[in-house]
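Basis for what follows: all heavy atoms, side chains included, without hydrogens, waters or symmetry-related copies.
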Amino acid sequence: MAGTTSDAGKSVVTAGICRWLARQGVKVAPFKAQNMSLNSFVTREGAEIGRAQAMQAAAARVEPTALMNPVLLKPGSDRSSQVVLMGKPVGELSARGYHAGRQEQLLGTVTDCLAELRRTHDAVICEGAGSPAEINLRRSDIVNMGIARAARIPVVIVGDIDRGGVFASFFGTTALLSKEDQELVAGYLVNKFRGDVTLLEPGLEMMERLSGRPTLGVLPYAHGLGIDEEDGLRVSLRGAVRESVVAPPVGADVLRVAVCAVPLMSNFTDVDALAAEPGVVVRFVDRAEELADADLVVLPGTRGTVRALAWLRERGLAAAIARRAAEGRPVLGICGGFQMLGERIEDDVESKAGTVEGLGLLPVRVRFATGKTLARPVGEALGEPVEGYEIHHGVAEVAGGEEAFLDGCRVGSVWGTHWHGSLESDGFRRAFLRRVAADAGRAFVPAPDTSFGALREEQLDRLGDLIEEHADTDALLRLIEDGVPAGLPFVPPGAP
């Protein structure tokens, strides 16, 4: 599944195909050779992969592994990224250094991973990245036509019609590929369509005459499917965290959550479980005044803790958070957010800034280590069982606090932990929200029956329904079973 652009819908379409096949009894696995994302996950064997691939594995009803995302790039600036290979960090590279040679060296690794998945599964659904027509990067490509050519994989190009220009995008993407790459492009898939599909059909027929390739489905625009995005927030900073409409609050009040949209924000999906609760309103904010009516402020994870701390201070958010703590109003720090709440950060690894003063709201000192902690901890907090995952270079020394909290601590109404994903544990989430509501003076009552796991399954089933009901599943099965169709025509001019 390639795309005309980033965010065309490759991730969710791949997940939908995985769920549709899994429901047919097919043993299927997702695969993305190279992923650039700050939204990651830790597998049971302790490997870090893109969270989108973990979501796709859940759609396929299989356990996620490093084979499904052998190369993960985690941006640390506009020009450099940490390279995670087979789930472990192997160094920091500039974009030029990566594309100048390192990327091509990894082609053998990714083809081996794909071969292993193909050996152990009936089908593997591969996801590309960005666009396959990035002609400046084709020579070093390992995630789009590079892997497709190496493994002789049929390619379907996904286009987001909601952006406009989908026919030009399909045609232009195909026409900018070399003859050898075009021989793998088997068809197109229209995503996010609104309106009467019969009005689109003449264009689909013209597209097939022009390109010699059919459109294999028109997927309607579906609200509330923004699960585990990888390229960034689907909404503006001051927009709602999700498009889905949840039930009204159980109690008399709603609970307002403000998430500080820090630079290089990572694993912002931590707050999805809060947004799924009836009566909880979650928003991303970047101004101090937007914290005024918040009942809970969340400092999320970040790939740049020191940089994010400076950003909080520059914008007056640090002072606003300190005032909240002094007033006994709830604050939660997760991973990098937890580190910022501490007294001191010693960082000669990530930012190389040396010793930096933290916000001083928790008795914690953090030292950045060269090795990365990758773990799937299990524990208990607020009398409830909790599961989570850890991804961090910072090592926290907790020297007190009123209450231990998931390997972190609590002081007053300020909470901090390195654990991502803890709020997905339903009993713990409800207990935590009850404490927040009490500290905030809100008559908020958590719903007694919200199951985040069940809600995620419902979303994955909806993705499977979209494929089953609106894609040409017979054509998709033929591609899976028979491979690349013979005789696909060349669309000029081809690659320069």
Val298/Cys260 under side chain to side chain contact (heavy atoms under 4.5 Å, CB included): CA gap, chis, key distance, verdict: CA-CA 6 Å; Val298 177; Cys260 294; over 6 Å; no
Salt bridge (Lys or Arg N to Asp or Glu O under 4.0 Å) assessment of Asp162 paired with Arg194: CA-CA 8 Å; Asp162 199 50; Arg194 307 174 193 247; 2.8 Å; yes
Stepwise side chain to side chain donor-acceptor pair (under 3.5 Å) test for Asn39 and Thr269: CA-CA 8 Å; Asn39 201 13; Thr269 48; 3.3 Å; yes
Worked check of side chain to side chain contact (heavy atoms under 4.5 Å, CB included) between Glu343 and Leu361: CA-CA 7 Å; Glu343 298 170 351; Leu361 301 180; over 6 Å; no
Derivation and outcome, side chain to side chain contact (heavy atoms under 4.5 Å, CB included), residues Thr4 and Asp160: CA-CA 8 Å; Thr4 55; Asp160 178 359; 5.6 Å; no
Trace of the salt bridge (Lys or Arg N to Asp or Glu O under 4.0 Å) decision for Glu458 with Arg19: CA-CA 11 Å; Glu458 288 175 13; Arg19 176 49 60 98; over 6 Å; no
Audit row: Glu424, Arg429, salt bridge (Lys or Arg N to Asp or Glu O under 4.0 Å) steps and yes/no: CA-CA 7 Å; Glu424 296 180 18; Arg429 182 180 65 254; over 6 Å; no
Verdict with reasoning, Glu390 to Thr373, per side chain to side chain donor-acceptor pair (under 3.5 Å): CA-CA 7 Å; Glu390 294 184 68; Thr373 297; 5.7 Å; no
Full working for side chain to side chain contact (heavy atoms under 4.5 Å, CB included) between Phe432 and Glu384: CA-CA 10 Å; Phe432 178 70; Glu384 298 287 345; over 6 Å; no
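Between Thr450 and Pro278, the shortest heavy-atom contact is OG1-CD, 3.4 Å. Contact between Val306 and Ala353 at its shortest, heavy atoms only, is CG1-CB, 4.0 Å. Asp461 and Arg61 get closest at one heavy-atom pair: OD1-NH2, 4.1 Å. Closest heavy-atom contact between Ala123 and Leu21: CB-CD1, 4.4 Å. The two residues Cys113 and Phe31 make their nearest non-hydrogen contact at CB-CE1, 4.1 Å. Here the closest heavy-atom approach between residue Val190 and residue Leu204 is recorded as CG2-CD2, 4.2 Å.
When side chains are defined from C-beta on, His392 counts as touching Gln339, because their heavy atoms get closer than 4.5 Å. Contact check for Pro300 versus Ser266: no side-chain heavy atoms found under the 4.5 Å cut-off. Using a 4.5 Å cut-off on side-chain heavy atoms (C-beta onward), Ile125 and Val28 make contact. Using a 4.5 Å cut-off on side-chain heavy atoms (C-beta onward), Arg434 and Val445 make no contact. Using a 4.5 Å heavy-atom cutoff, the side chains of Leu216 and Val156 are in contact. In this structure the side chain of Val386 never reaches within 4.5 angstrom of the side chain of Val378, judged on heavy atoms. Side-chain contact between Leu466 and Trp20 is absent, with no heavy atoms from C-beta onward closer than 4.5 Å. With a 4.5 Å cut-off on side-chain heavy atoms, Val436 and Phe444 do not count as touching.
Remark: the backbone N or O of Ile17 is not paired with any side-chain donor or acceptor of Glu468 at under 3.5 angstrom. In this structure, Thr302 contributes its side chain and Gly304 its backbone to a donor-acceptor pair below 3.5 Å. A distance-only check finds a donor-acceptor pair linking the side chain of Lys88 to the backbone of Gly46 [under 3.5 Å]. Side-chain N or O atoms of Glu327 include none that pairs as donor or acceptor with a backbone N or O of Arg324 at under 3.5 Å. Under a 3.5 Å cut-off, the side chain of Asp347 and the backbone N or O of Ser351 do form a donor-acceptor pair. At least one donor-acceptor pair closer than 3.5 Å links the side chain of Asp295 to the backbone N or O of Arg256. Under a 3.5 Å cut-off, the side chain of Thr417 and the backbone N or O of Leu406 do form a donor-acceptor pair. In this structure, Gln56 contributes its side chain and Ser11 its backbone to a donor-acceptor pair below 3.5 Å. Of the possible donor and acceptor atoms, none in the side chain of Thr43 sits under 3.5 Å from a partner among the backbone N and O of Thr65. Not a single donor-acceptor pair under 3.5 Å links the side chain of Asp449 to the backbone N or O of Ser451.
Using a 3.5 Å distance cut-off with no hydrogens or angles, the side chains of Glu48 and Ser40 do pair a donor with an acceptor. Glu346 and Thr355 form no side-chain donor-acceptor contact under 3.5 Å, judged by distance and modelled atom types alone. Of the N and O atoms on the side chains of Thr5 and Arg163, at least one donor lies less than 3.5 Å from an acceptor on the other residue. Remark: the Asp196 side chain and the Thr198 side chain contain an N/O donor-acceptor pair separated by less than 3.5 Å. Side-chain polar atoms of Asn191 and Tyr221 form no donor-acceptor pair below 3.5 angstrom. Residues Gln82 and Lys372 have side chains that bring a donor and an acceptor to within less than 3.5 angstrom of each other.
We find that Asp293 and Arg283 are not joined by a salt bridge, their nearest charged nitrogen and carboxylate oxygen being 4.0 Å or further apart. Glu457 and Arg23 are not joined by a salt bridge, as no carboxylate oxygen comes within less than 4.0 angstrom of a charged side-chain nitrogen. Using a cut-off of 4.0 Å between Lys/Arg side-chain N and Asp/Glu carboxylate O, Glu397 and Arg344 are scored as not salt-bridged. Under a 4.0 Å N-O distance rule, the pair Arg376/Glu387 does not qualify as a salt bridge. Ionic pairing of Lys10 and Glu127 is not present here: no N-O contact between side-chain nitrogen and carboxylate oxygen is shorter than 4.0 angstrom.
Taking CG from Leu73 and CG from Leu38, the interatomic distance works out to 10.5 Å, rounded to the nearest 0.5 Å. The CG atom of Leu374 lies 12.0 Å from the OH atom of Tyr389; values are rounded to the nearest 0.5 Å. In this structure, SG in Cys126 is found 11.5 Å from NZ in Lys32, a value given to the nearest 0.5 Å. Here the CE-CG distance, from Met36 to Leu72, works out to 9.5 Å after rounding to the nearest 0.5 Å. For the atom pair Met1 CE and Asn144 CG, the distance stands at 12.5 Å (nearest 0.5 Å). Within the model, atoms CG of Leu189 and CD1 of Ile157 stand 11.0 Å from one another, a figure rounded to the nearest 0.5 Å.
Figure legend: cation-pi geometry between Arg51 and Phe41 absent, as NZ or CZ is not positioned both under 6.0 Å from the six-membered ring centre and within 45° of its axis.
Aromatic pair His393/Phe368: ring centres not closer than 6.0 Å.
The ring pair (Phe, Tyr, Trp, His ring centres under 6.0 Å) pairs that include a residue from residues 319-348 are Phe338-His418, where partners are two or more places apart or lie in different chains.
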